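Naming: A, B, ... by sequence-line order, numbering from 1 per chain. All values below were derived from every heavy atom in this structure, side-chain atoms included, with hydrogens, water molecules and symmetry-related copies excluded. Nothing here was measured: the structure is a model prediction, and the numbers come from that model.
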Amino acid sequence: MRYNHSEIEKKWQEKWVKEKTFAAKSDYTLPKFFALVEFPYPSGQGLHVGHPRSYTALDIVSRKRRLEGYNVLYPMGWDAFGLPTENFAMKNHIHPEVVTKNNVARFKAQLQSLGLSFDWDREINTTDPSYYKWTQWIFVQLFKKGLAYKKEMNVNFCTGCKVVLANEEVVNGVCERCGSQVVHKNKSQWMLKITEYADRLVDDLDGLEYAERVSTQQKNWIGRSYGTEVNFDTTAGEVLTVYTTRADTLFGATYMVMSPEHAYIQKWMDEGKLNNADEVTAYRDAAAHKSDFERTELNKEKTGVRLDGVMGINPVNGLEIPIFISDYVLASYGTGAIMAVPGHDTRDWEFAKKFNLPIIEVVKGGDVEKEAFVDCHTGVMVNSGFLTGKTVQEAIPAMQAWLTEQGKGQKKVNFKLRDWVFSRQRYWGEPIPMVWCDKCGWVPLPEDQLPLTLPELKDFEPTTDGESPLSRLTDWVNTTCPHCGGAAKRETDTMPQWAGSSWYFLRYMDPHNDKALVSPEAVNYWGPVDWYNGGMEHTTLHLLYSRFWHKFLYDIGVVPTKEPYAKRTSHGMILGENGEKMSKSRGNVVNPDDIVSEYGADTMRLYEMFIGDFEKAAPWSSNSIRGCRRFLERVWFLQDKLVDGDGIRPALEVSIHKTIRKVGEDIEGLKYNTAIAAMMALMNDFDQNGGATREEYRILLLLLNPFAPHITEELWEKMNYGGQLAHAKWPVYDEAKCENKTAEIAIQINGKIRSRIQVSVDGEQAEILAIAKADPKVAAELEGKTIIKELYVKGKLVNIVAK
RNA sequence: GCGGGCAUGGUGGAAUUGGCAGACACGCAGGAUUUAGGAUCCUGUGGAGUAUUCCGUGUGGGUUCAAGUCCCACUGCCCGCACCA
C-alpha cells in the first residue's frame, strides 16, 4: 500500500483537534514543561518556511516531553498589532481588524497543516480587547510606580512610516523596518524607564541558560561600563563634569570636548563669555540638522570648534586647557562632555592631530607620536605625578581615591541603554489609557474602565505634523478627568508593537481569566518558561523588553520569578536555494504550502530539521528534501518487511540502544540533524538484517514520532500497538547495551595505520598488544626495529612507536 | 576600527572533545526492474595510482606517540557593536 501523506495527515490533524490531544492539563500536581516559540506577526504574505524551523524544533521537544510523562504547555497566538497591517488597510480601504482576522485564519490553517502540537484552546491575540486590557493594565502600573513618564525629547522619526522609533529600531541611521531615512524631531513622548533595570538585566543573565551569543549581545547592548566622573573647574565659573573609564590618564588630558548640545554652551553664549559665538552657533546648527545617519556616516574626519574665552582647569595639576565642541561627543552618553587624552585614545588622537594639540604620553608602551596607545593591561604610568610607576590597573583606583578625597570626582557606572520610547503616532496599536487634565496633570484611567478600546476610524493616515490619527476624533479625545471630573483630553498615541509581546507568555498560562492578567496558581505552576526559542533579531528588542516587564511584574508581586525564560535558544535563518536571504524581489521564496502538498508535512518537518546545524543559517535545497521523503517511504514499507521474533534481535541490540540514546540526547542539544541521521542509520541496519521485528519497529516509530508525527501515528495504528502513539511512553535505553563486546581496532606504527584486528573490548592492554604484535603485517613492519613506546586506547587503537 | 565566530569531498554537513577524517543525506556513475522514466531497488563514489601505496580538513609554522580538534602567524568569509570616552 502506498504512502499517501495527504490522507494520513488530514486524518490525524482532524483527530488531534477533535480530541484535544495536545491540550495542557490544569492538574498542577504533574511535572510541567512550558515550551515557547515566538508568536508570529500574521502578515499578508502567509507563513514563511523560516517559521516552521523554530516551531518544529520545539514541537519535537514538546512531543518528546509528553511521551516522557510531562504536562506540556506548547501554545500559539498572534502578535497582530503593527504597521504593515495598518498600511495594507489604508491602501485597500479595509479595516485593520478585518485584515488581521483574514491573516490569522490563513496562518492558523497553515500551522495546523504542519501538525504542530499547539494547544489551540489557549490561542491569544494581542489585538483582542480582552487581551490588551492587561497590556494597558501593566502600563498603568508602570505609570503608578513612576516608570512611565512623558517627556519632550529629541526622537527618531521615520520619514517613511511617519512614526517615532525606539533607539533599537534605528539601524545605521535608517528605519529598521522600511529603510527610510530617520530624522530628529522634538516631540512629547511616553517613555519607559528600562534604564532603572539595567543592572539587573545584566546581572540576572548569569543564572540563565541562554545561548552565549544571546547573552553577550544583550550585555553589549546594555553596555555597562565602570568609570569615573571628574569635575573640571572652568574659567567661566561652572564646574564641567566629564565621564571617563581611564581616570589613570588624567595627567595626559590636554583639552576637553563638549557635545554641541551641552547646556553650558547656550549659557556661556548668553552671558557673552564666548568670543566666537557666531562660529559656535554655526557649528551647533549644522550638527542639529544632521540626521543620525549623516552623523555616523561622516565619522572619517573629525570636526569641531574651540570655545574661545573659556578654559578648563585640570584638577590634578591646575593647568588650563582649551575646550572644544564636536559632534564626536554624544550628548546622550555620560555627561555629554569628555576630557581628551590624545596619547591614549584613538578619537582624541585624531582630533589632536587635526587641531594641532599637544599629545602627552602618560602610559609607557607605545609611540604616541605615531598612534594612540590604548592598551590598559601592559603599560606603566609615566609623567603622572603620584601615579608614576604604577600599572594602569593600579592607577585607576588610586586616582579615584584621590579625586573622591579632594571632592573632585567619584566612581560612576554608565550604560549605553536608553529609556524606551513607548509612543507611536499610529492607529493600529493599544491606546495608551491616560488622560491629560489641566488641573491634575496625567491621570491613568481607573482599572475598571479598562480596556480602553480602539475607537472606530475611517482614515488611518497620520496627520501631516506626525500626530496620531486618533487626534482627529475630537469626541473621543474630549473626556472628563477620572480624578477631578473636570474637562480633560485623552492621550492619542498608541503603544509600540513590542508592548503586547512583552508579556504574552504569561497569558498562555491562564488565557481566559477576566479577573487578573494571570492567576497566582497558574503562574506558580507554569512559570517560568522552560525553553524559549526564537530569532536572533529579537535579542535586543523583544527579549530585552519582555525581561524588563517581567522584572517589573515581579517587583509588584504579579509573578513569582525574576526572569521569564529559563532557557533561550536561537535558530538560524533558512536561505533561498542560491544562498541569499529569501525575498520576493530575489525570486527565491519557497512556499510551505507547496512543500506540504507535494511531499507532506512530515517530510517538510523532517527536512527542516535535517537541513543543517539548527543554530546556523542554511540554504534550502529542493533536491535534499527528496532524501527525507525517501526515508519516510522506507519507514512506511518496513511494515511489509517484518521478521519473526518478540523482542530485539541480538544483532540489533547495540544499534537500537545507541540510537535511543543518541536521538534523546540530540533533541535536548539542538542537534536535530544528527538525531535524524542516527534514525536513518538504524533504518539501514534493519534493511541489512532483512527487516525489523515488531518490537524493533515499535521503537523506531516512537523515536521518529516527534519529528514525523502523522506517519508514525498511522503506522502505530496499522501495527496495532495499542492506543495512540501520542499517549505512549518514550523508550529507555540500557547503557550497558550501548557498546559492542568486540571491536575492530586500528594498529598504528609510528602513527600510521598498518593493520586492523578484532579484539574483545574488555581485554587487558598487555593482551591486546601481544595480539597486535603477532599480526603478520605488524610483525613484518617491526622487524629489526626497537620498540620505544606502546600505547593502547581502549576499543579504538594501538600505537607502537619504533625505530 | 573593536569584539565574536567559522573555514572539512562536486553539495548540505558528521567526527563520542586530542585517538581509524568524510557518519547521514544530496548529487554523480554503473547495474536491476520498467514500454518509458525526473519512480523504485542494488553497487560504487575524497584525490592520484595496476597496487598490500602515497597524499589529504583555507595557508605557513609549532606542541604531541597521535592534531580537523590545542598554540602562534597569515588569508578569506560571516555575525554583532559602531565616535558609548
Separation of the P atoms in B:G13 and B:C6, to the nearest angstrom: 14 Å

Given B:A25, B:G80, B:G19, the nucleotide with the shortest approach to the side chain of A:Met680: B:A25

B:C55 OP1/OP2 closer than 4.0 Å to side-chain N/O of A:Lys752: yes

A:Lys416 side-chain proximity, nearest of B:A85, B:C83, B:C81: B:C81

A:Arg629 with A:Glu633: basic N within carboxylate O range, under 4.0 Å: yes

Sugar-phosphate, base or nothing in reach of A:Lys412, heavy atoms under 4.0 Å: nothing

salt_bridge(A:Arg661, A:Glu735) N-O dist < 4.0 Å: yes

Minimum-distance nucleotide (side-chain atoms of A:Arg630 versus B:U40, B:A85, B:U16): B:U40

P spacing across the pair B:U53 / B:G37, given as an integer number of angstrom: 41 Å

Smallest separation among heavy atoms of A:Ala772 and A:Val798, with atom names: CB-CG1, 4.3 Å

Sugar-phosphate, base or nothing in reach of A:Arg754, heavy atoms under 4.0 Å: sugar-phosphate

Inter-nucleotide C1' distance (B:G31, B:G47), Å rounded: 25 Å

Any A:Thr674 side-chain nitrogen or oxygen under 4.0 Å from OP1 or OP2 of B:A23: no

Sugar-phosphate, base or nothing in reach of A:Glu744, heavy atoms under 4.0 Å: base

Crowding at CD, A:Glu212 (>12 non-hydrogen neighbours, <6.0 Å): no

CG on A:Asn673 to CD1 on A:Ile611, rounded to 0.5 Å: 10.5 Å

Among B:C24, B:U16, B:G13, the one nearest A:Asn673 by side-chain distance: B:G13

Closest listed nucleotide, where the reference is the side chain of A:Lys796 and the choices are B:U16, B:A85, B:C42: B:U16

Rounded C1' spacing from B:A39 to B:U34 in Å: 10 Å

Rounded distance in Å between the P positions of B:C2 and B:G56: 35 Å

Secondary structure of RNA chain B in dot-bracket form (Watson-Crick or G-U wobble, distances below 3.5 Å, | marking inter-strand pairs): (((((((..(((......[....)))((((((.......))))))(((....)))..(((((..]....))))))))))))....

B:U17 to B:A66 separation - C1' atoms, rounded to the nearest Å: 15 Å

Sugar-phosphate only, base, or nothing, as touched by A:Val257 at under 4.0 Å among non-hydrogen atoms: nothing

Rounded distance in Å - OH (A:Tyr733) to C1' (B:U16): 13 Å

Atom pairs, protein N/O to nucleotides 10-12 of chain B N/O, distance under 3.5 Å:
from, atom 1, to, atom 2, distance (Å)
B:G12, O2', A:Ile611, O, 2.7

Nucleotide nearest A:Asn684 (side chain, heavy atoms from C-beta), chosen from B:A23, B:A85, B:A25: B:A25

Sugar-phosphate, base or nothing in reach of A:Ser332, heavy atoms under 4.0 Å: nothing

Assigned glycosidic conformation for B:G9 [threshold 90° from 0]: syn

Geometric class of the A:Phe351/A:Tyr255 ring pair [parallel <30°, tilted 30-60°, perpendicular >60°]: parallel

Sugar-phosphate, base or nothing in reach of A:Asn750, heavy atoms under 4.0 Å: nothing

Donor/acceptor link under 3.5 angstrom from A:Lys616 side chain onto base of B:C6: no

C1' atoms of B:G76 and B:U8, separation to the nearest Å: 16 Å

Within 45° cone of A:Tyr328 ring axis and under 6.0 Å: A:Lys302 NZ or CZ: yes

Side-chain-base donor-acceptor pair under 3.5 Å for A:Asn623 and B:C26: no

Sugar-phosphate only, base, or nothing, as touched by A:Ser621 at under 4.0 Å among non-hydrogen atoms: nothing

Touch class at under 4.0 angstrom, heavy-atom based, for A:Ile753 against every strand present: sugar-phosphate

A:Phe373 and A:His344 aromatic ring geometry - parallel, tilted or perpendicular at 30°/60° bounds: perpendicular

Inter-nucleotide P distance (B:C65, B:G80), Å rounded: 44 Å

Closest nucleotide among B:G80, B:A85, B:G27 to the A:Arg626 side chain: B:G27

Closest to the A:Asn799 side chain, choosing from B:G19, B:A82, B:A85: B:G19

N/O (side chain, A:Tyr328) to phosphate O (OP1/OP2, B:A85) under 4.0 Å: no

